[in-house]
S.K.: 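Dumping the structure here so I can ask a few things about it.
Counting convention: from 1, in listed order, for ligands and their atoms alike.
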Amino acid sequence: MSKDKILLTGVGSYLPKNKTSNHDLAKYIDTSDEWITKRTGIKFRHFVANNEYTSDLGTNAAKLAILNAGLKPIDIDIIIVATTTPDNTFPSTASKIQKNLGCSAISFDVQAVCAGFIYGMTVGISMLKDGHGKKCLVIGADSMSKILDWNDRSTAVLFGDGAGAIILEKEKVKTKFCENDDWGILASKIYTNGNFYDILNTDGGVSKSKSIGFLRMNGKEVFRHAVEKLSSSLLICLEECNKDISQVDWLIPHQANQRILDAVSNKVKLNPNKVISTIADHGNTSAASIPLALDVATKRGKVKNGNVLALQAIGGGLSWGSLILKVGKPI
Ligand code: UT7
């Protein structure tokens, strides 16, 4: 019997050229490599050039994901860009990327900050299921350096810029692989609690102050919520698809802090060797961090056919969520 399945069929990522170390930052911020490494695990982050925009990062990542899936840009039906740092207030960065790619896909942005990629995937999955198309490009792209206050060392050292992209395809196929088994997207859960609006936000915005503002965060509070909410949403997702934590091959989380990754794996009793961490090289790239980590894991040959992947993220809103998928095609 064949069924409609949503498959992950391609992944790609892009980092801007300027790679900046903790030592580089310590030249103009009152900080140290020792503090940043010990408190976060971050060693490097990449920053966009002055004439480089979020749409440029997203376009580069998208081209690689499309190529990796064996497709052409004109094959794409839907483009969803998760970003908090659009090129312009409007139109969407997705519209710009559509133009850059030269296709006519339905294109729009989603804004759920660091959780944006999980939100974007969830919206894309629903649109594919509802018949809006068969091939969806989901991009996470952010230029967080544009909203950092370089006088606030507690946030300025945490973030970096970058983009990652994936292709989701709806297929009616019965594969030899995973026959009589679940495969493709198995479960997805997204949540928002606006009561925590103030613990991670910008101090400006279009309707509030006609400026973009700077990123502000109560790090300790966000940390506490992150460990609790990422753990619980992951376990709920696993329950929904009748899997337990021992069946997860790779946890590919949002990369905010190595201590959060460690605390979550400890809380859900997942072997820490099964957690993909790119925090040392990328820092926190907001909506881009999950597809960037997925691409790194794939290039290192870690992600194999039949693997169960758990993706998860939390960010401003608070917004958070988890998603489980079984790889049913080589990527
Ligand atoms: O992506 C969205 C989700 N974001 C997150 O999940 C981030 C969650 N939060 C965190 O990762 C951590 O809370 C931080 C990394 C942001 C901060 O770590 P912390 O262990 O909570 O440190 P803290 O804010 O309590 O600061 C401890 C000390 C303070 O000094 P005193 O008051 O103890 O003397 C800070 O002033 O560290 C000082 N400090 C710094 N020192 C050197 C803060 N930032 C820096 C810095 N360099 N960059």
S.K.: What I want to check is whether the side chains of Ser211 and Ser209 have a donor and an acceptor closer together than 3.5 Å.
M.R.: yes
S.K.: In the complex you have, is atom 29 (C) of ligand 1 within reach of the protein, judged by whether a heavy-atom distance drops under 4.0 Å?
M.R.: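 Protein heavy atoms within 4.0 Å of atom 29 (C) of ligand 1 - there are none.
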S.K.: Measure the distance from atom 22 (O) of ligand 1 to every protein heavy atom, then report the residue, atom name and distance (to 0.1 Å) of the closest one.
M.R.: Arg39 NH1, 3.3 Å
S.K.: Considering only heavy atoms of Thr40, which atoms of ligand 1 have at least one such atom less than 4.0 Å away?
M.R.: 15 (C)
S.K.: In terms of side-chain heavy atoms, does Asp109 have a donor or acceptor partner in Thr83 at a distance below 3.5 Å?
M.R.: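 Looking only at side-chain atoms, Thr83 and Asp109 do not form any donor-acceptor pair under 3.5 Å.
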S.K.: Quiz question: by atom type and distance under 3.5 Å, do the side chains of Asp24 and Ser21 form a donor-acceptor pair?
M.R.: yes
S.K.: For this output row, return yes or no: ring centroids of Phe47 and Trp150 closer than 6.0 angstrom.
M.R.: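 Yes - the distance between ring centres of Phe47 and Trp150 falls below the 6.0 Å cut-off.
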S.K.: Output the list of atoms in ligand 1 that are nearer than 4.0 Å to some heavy atom of His254, sorted by atom number.
M.R.: 1 (O), 2 (C)
S.K.: Going by the atom numbers of ligand 1, which of them fall below 4.0 Å from some non-hydrogen atom of Val222?
M.R.: 3 (C), 4 (N), 5 (C), 6 (O)
S.K.: Do NZ/NE/NH1/NH2 and the carboxylate oxygens of Asp75 and Lys135 come within less than 4.0 Å?
M.R.: no
S.K.: Would you confirm whether any non-hydrogen atom of the protein falls under 4.0 Å from atom 20 (O) of ligand 1?
M.R.: yes
S.K.: Of all the non-hydrogen atoms in the protein, which one sits nearest to atom 35 (C) of ligand 1, and at what distance?
M.R.: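 It is Arg153 NH2, 4.0 Å.
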S.K.: Tell me, with the steps shown, if Leu137 and Ile80 meet side-chain contact (heavy atoms from CB on, under 4.5 Å).
M.R.: CA-CA 6 Å; Leu137 167 64; Ile80 301 175; over 6 Å; no
S.K.: For residues Thr285 and Gln255, is any side-chain donor paired with an opposing acceptor at under 3.5 Å?
M.R.: no
S.K.: Among all protein heavy atoms, pick out the one at the shortest distance from atom 23 (P) of ligand 1; state its residue, atom name and that distance to 0.1 Å.
M.R.: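 Looking only at protein heavy atoms, the one closest to atom 23 (P) of ligand 1 is Lys220 NZ, 4.0 Å.
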S.K.: For atom 25 (O) of ligand 1, decide whether some protein heavy-atom distance is shorter than 4.0 Å.
M.R.: yes
S.K.: Can you tell me which residue and heavy atom of the protein come closest to atom 10 (C) of ligand 1, and the distance to 0.1 Å?
M.R.: Asn257 ND2, 3.6 Å
S.K.: Can you classify the ring geometry of Tyr191 versus Trp320 as parallel (below 30°), tilted (30 to 60°) or perpendicular (above 60°)?
M.R.: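 The rings of Tyr191 and Trp320 lie parallel, inter-plane angle below 30°.
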S.K.: In terms of atom number and element, which parts of ligand 1 are under 4.0 angstrom from non-hydrogen atoms of Ile260?
M.R.: 6 (O), 8 (C)
S.K.: Which atoms of ligand 1 sit under 4.0 Å from any heavy atom of Met217?
M.R.: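 So the answer, numbered in order with elements, is 4 (N), 7 (C).
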S.K.: List every atom of ligand 1 that sits less than 4.0 Å from any heavy atom of Ala256, numbering the atoms from 1 in the order shown and giving each element.
M.R.: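 Every atom of ligand 1 under 4.0 Å from some heavy atom of Ala256: 1 (O), 4 (N), 5 (C), 6 (O).
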S.K.: Pairs of nitrogen or oxygen atoms closer than 3.5 Å, one from Gly219 and one from ligand 1: do any exist?
M.R.: yes
S.K.: With distance as the sole criterion, is a donor-acceptor pair present between the side chains of Thr54 and Ser143 under 3.5 Å?
M.R.: yes
S.K.: Output yes when Lys134 and Glu169 qualify as a salt bridge under the 4.0 Å nitrogen-oxygen rule, no when they do not.
M.R.: no
S.K.: Would Val110 and Val81 count as a side-chain contact (heavy atoms from CB on, under 4.5 Å) here? Give the steps.
M.R.: CA-CA 6 Å; Val110 298; Val81 177; over 6 Å; no
S.K.: With a 4.0 Å cut-off, strictly under, does atom 1 (O) of ligand 1 pick up any protein heavy atom?
M.R.: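 Yes, because at least one protein heavy atom sits under 4.0 Å from atom 1 (O) of ligand 1.
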S.K.: Could you tell me whether the side chains of Ser286 and Asn284 share a donor-acceptor contact shorter than 3.5 Å?
M.R.: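 Side chains of Ser286 and Asn284: no pair found under 3.5 Å.
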S.K.: Is ligand 1 less than 4.0 angstrom away from at least one heavy atom of Val113?
M.R.: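 In this structure, Val113 fails to qualify as a contact of ligand 1 - no heavy atom is under 4.0 Å.
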S.K.: Between Arg45 and Asp161, does any side-chain N to carboxylate O distance fall below 4.0 Å?
M.R.: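 Salt bridge: no.
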S.K.: Does the pair Asp152/Arg216 count as a salt bridge with the N-to-O cut at 4.0 Å?
M.R.: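 Looking at Arg216 together with Asp152, the answer is yes, because their closest N to O distance falls below 4.0 Å.
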S.K.: Of the protein's non-hydrogen atoms, which lies at the shortest distance from atom 16 (C) of ligand 1, and what is that distance?
M.R.: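 Here the closest protein heavy atom is Leu158 CD1, 3.7 Å.
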S.K.: Starting from atom 47 (N) of ligand 1, locate the nearest protein heavy atom and write down its residue, its atom name and how far away it is, to 0.1 Å.
M.R.: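 Among all protein heavy atoms, the one nearest atom 47 (N) of ligand 1 is Thr31 OG1, 2.7 Å.
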S.K.: Look only at interatomic distance and state if Asn284 has a nitrogen or oxygen under 3.5 Å from any nitrogen or oxygen of ligand 1.
M.R.: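 Yes.
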S.K.: How far is atom 18 (O) of ligand 1 from its nearest protein heavy atom, and which residue and atom name does that atom have?
M.R.: Arg259 NH1, 3.9 Å
S.K.: I'd like to check which ligand 1 atoms, numbered from 1 as shown, lie under 4.0 Å from a non-hydrogen atom of Ser154.
M.R.: 44 (N)
S.K.: Side chain or backbone of Trp35 under 4.0 Å from ligand 1, or both, or neither, by non-hydrogen atoms?
M.R.: side chain
S.K.: Verify the contact flag for atom 4 (N) of ligand 1, where contact means a protein heavy atom under 4.0 Å away.
M.R.: yes
S.K.: From atom 32 (O) of ligand 1, is the closest protein heavy-atom distance below 4.0 Å?
M.R.: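 Answer no: nothing from the protein, no heavy atom, is under 4.0 Å.
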S.K.: May I ask you to list the atoms of ligand 1 that are less than 4.0 angstrom from any heavy atom of Leu200?
M.R.: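 Those atoms are 2 (C).
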S.K.: Determine whether the aromatic ring centres of His225 and Phe196 lie less than 6.0 Å apart.
M.R.: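 Judged by ring-centre distance (under 6.0 Å), His225 and Phe196 do meet the cut-off.
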